[in-house]
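The first residue of the sequence shown is numbered 1, and numbering continues consecutively from there. What you see is a predicted model, and the numbers here were worked out from it, not measured in a lab.
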Amino acid sequence: MTELIEVRANGLSGSEAFVSDLRVSVGQTVAPSAVLVGIELGKAAVEIEAPAAGRVARVLVAVNDAVKDGDLLVVLERAESVQSASASPGPSSAPSVEHVPRVADTSSAASGGHVPNPDFHASPSIRRLARERGLDLSQIAGTGRHGRIVAEDLARPVPAAAQSQSHLGLAAALQLDSALALQGPDESRPLSLLQRAVGRTVTQTWTQVPHVTQFDETDITELEAFRVALNRERGQEELKLTLLPFVVKAVAAALSAFPVFNASLLKDALVLKSSVHVGFAVDTEEGLRVPVIHHANRLSLRQIALEIARLADRARASKLAPDDVQGGSFTISNLGGAGGTAFTPIINAPELAILGLSKATLKPVWNGSAFVPRLMLPLSLSYDHRVINGVAGARFVSHLGAVLCDLRRALL
Ligand code: COA
């Protein structure tokens, strides 16, 4: 008797999501934890894995299909049932992939007898690394859990067959083209799943939402002195307070004073959020991720700093849970570490505004009688002009600047 396993979408929490990557087809066998379907939601990507080994009996979605929690994606026949069924005449259309040894069979790797395995398991970062090194992962035996290919497997010497066929094919094609051969082969770097997801989202937002960006700068000389003093007081063991937690705190206060910046536009209604959930952009190897500090207005500076550190670590390790990236009501993008004086951040829709921070620098500021050196932080606020007008945008930035200049205003 064939046991069927239904694999459904989960962890999407009502967010708009769609299938971005379909890794399996009917008849293919998969190992436990093999990635079956990639799903994009906002600026995040979720991978749906096989709960057990088996053969793909049905695929119910296609790339670009919209999906929501609970939708049936794939039906698997459990591995044991597949084996017993194979004694009797089975479906003749099953592809040969079924008979390929699992990647987990490291004995073949040890003996150097590699057999192509198109059903390999590897995280997005490993896939990216392999692409960069021109390696064909289907030729590499994985030594991780359930045969997953890990970084060490890429470091091992691999036979010539593991050089990516597409890489070699590209080089061969380029040799035929004398003009290109003269220039040498260009490097083609396929975008990661996350980069494609973010690309699609920002294109949609940039083309559908009329953005206006308000630029300003604020004096954070006192704030910086306070931050340095706090860090000295707290000692080496405590987590260091960077500028960002202070900005989150000030933003949370400004959002309470200007609720229209903590809202979404749904059809023709403005939905003012009762909670303040502040997202922040994190630059990772895979691309941009935006984890969310939930209830930022209720957290202390220390709690905000801990949350930023926890979420940034998870983002960089590609371990953000769906809950970590959902529910944001306003976003901050801090480019202070990268330099520049201003930029136009793209709104993280359906939010209505995003704050960009550039690098704070010392500037001569006229105090009425003399120029004095002050640490000035550039602020770039992009907002949705369908809902927020220019005066409101300027007032919000000016209020935020005043709070950052004197944090006591956050108490008001
Ligand atoms: N101006 C001047 N100094 C700044 C600054 C700014 N705008 N922002 C941070 N700093 C300072 C910090 O206070 C800290 O100073 P210290 O070493 O004296 O304590 C130092 O720079 C390092 O801070 P950082 O490690 O960057 O911490 P953070 O909490 O400010 O930022 C992240 C954390 C996760 C946001 C950051 O590491 C990151 O990934 N930024 C990229 C965001 C991004 O990609 N945006 C683009 C989206 S399109």
### Query
Rounded to the nearest 0.5 Å, what separation is found between the CZ atom of Arg302 and the CG atom of Leu230?
12.0 Å
### Query
If you round to the nearest 0.5 Å, how far is OG1 of Thr361 from CG of Leu375?
7.0 Å
### Query
Between Glu47 and Arg23, does at least one N-O distance fall below 4.0 Å, as a salt bridge requires?
yes
### Message
I'd like to know if Arg310 pairs up with Asp324 as an ion pair, taking the criterion as any Lys NZ or Arg NE/NH1/NH2 lying under 4.0 Å from an Asp or Glu carboxylate oxygen.
### Response
yes
### Query
Between the side chains of Ser382 and Thr213, is a donor N or O closer than 3.5 angstrom to an acceptor N or O?
yes
### Message
Do the side chains of Glu187 and Arg189 get close enough for a salt bridge, i.e. N-O under 4.0 angstrom?
### Response
yes
### Task
Could you walk me through whether Asn348 and Glu351 pass the side-chain contact (heavy atoms from CB on, under 4.5 Å) test, one step at a time?
CA-CA 6 Å; Asn348 192 9; Glu351 296 165 20; 3.7 Å; yes
### Task
Let me see the working for Met376 and Asp219 under side-chain contact (heavy atoms from CB on, under 4.5 Å), right down to the final yes or no.
CA-CA 5 Å; Met376 303 302 288; Asp219 185 339; 3.9 Å; yes
### Query
Taking the six-membered ring for Trp, are His211 and Trp206 parallel (under 30°), tilted (30 to 60°) or perpendicular (over 60°)?
tilted
### Message
Can you give me the closest heavy-atom contact between Val292 and Leu311, atom names plus distance?
### Response
O-CD1, 3.4 Å
### Message
My understanding is that only residues two or more places apart in sequence, or in another chain, count here; which of them pass side chain to side chain donor-acceptor pair (under 3.5 Å) with Asn367?
### Response
Ser369
#### Entry: Val75 side chain reached by Ile5 side chain, heavy atoms, under 4.5 Å
no
#### Entry: Distance-minimising heavy-atom pair for Ile347 and Thr205
O-CG2, 3.3 Å
### Message
When you compare the side chain of Leu272 with that of Asn262, does any pair of heavy atoms fall below 4.5 Å?
### Response
no
### Query
Minimum heavy-atom separation for Ala309 to Leu239, with atom names?
CB-CD2, 4.0 Å
### Message
Side chains of Val290 and Val325, heavy atoms from C-beta outward: is any pair under 4.5 Å?
### Response
no
### Summary
One should read off an interatomic distance between Leu36 CG and Leu76 CG, to the nearest 0.5 angstrom, of 6.0 Å
### Task
Report the distance from atom CZ of Arg55 to atom CD of Gln28, rounding to the nearest 0.5 Å.
12.0 Å
### Message
Could you report the tightest heavy-atom contact between Asn10 and Ile48, atom names first, then the distance?
### Response
N-CD1, 4.1 Å
### Query
How about Glu286 and Ser318: does a side-chain donor come under 3.5 Å of a side-chain acceptor?
no
#### Entry: By side chain to side chain contact (heavy atoms under 4.5 Å, CB included) - contacts of Arg8 (at least two apart)
Glu6, Leu72
#### Entry: Side chains of Phe343 and Ser358 in contact at under 4.5 Å (non-hydrogen atoms)
yes
### Query
Which pair of non-hydrogen atoms, one from Leu299 and one from Lys249, has the smallest distance, and what is that distance?
O-NZ, 2.7 Å
### Task
State the CG-OG1 distance between Leu400 and Thr218, to the nearest 0.5 angstrom.
7.5 Å
### Task
Given side-chain contact (heavy atoms from CB on, under 4.5 Å), test Phe261 with Ser329 step by step and report yes or no.
CA-CA 8 Å; Phe261 287 83; Ser329 50; over 6 Å; no
### Query
Does the pair Arg374/Glu222 count as a salt bridge with the N-to-O cut at 4.0 Å?
yes
### Task
Report yes if the side chains of Lys363 and Pro373 come closer than 4.5 Å at any heavy-atom pair, otherwise no.
no
### Query
How far apart are the C-alpha atoms of His295 and His277, what are their side-chain angles, what is the distance that settles it, and do they pass the side-chain contact (heavy atoms from CB on, under 4.5 Å) test?
CA-CA 5 Å; His295 302 291; His277 300 319; 3.5 Å; yes
### Query
Is the closest side-chain heavy-atom distance between Leu379 and Leu404 below 4.5 Å?
yes
### Task
Kindly give the heavy-atom pair with the smallest separation between Ala252 and Asn297, and that separation in Å.
CB-CA, 3.8 Å
### Query
Do His385 side-chain atoms and Ile388 backbone N/O form a donor-acceptor pair below 3.5 Å?
yes
### Test item: Ile304 and Glu307 side chains (from C-beta on) under 4.5 Å apart, heavy atoms
no
### Message
Does atom CZ (Arg234) have a neighbourhood of more than 12 heavy atoms from anything else shown, all under 6.0 Å?
### Response
yes
#### Entry: Geometric class of the Phe330/Phe396 ring pair [parallel <30°, tilted 30-60°, perpendicular >60°]
tilted
### Message
With a 6.0 Å cut-off (strictly less than), is the heavy-atom count around CZ of Arg196, excluding the residue itself, greater than 12?
### Response
yes
### Message
Do Ile354 and Leu381 have side chains that approach each other closer than 4.5 Å (heavy atoms only, starting at C-beta)?
### Response
no
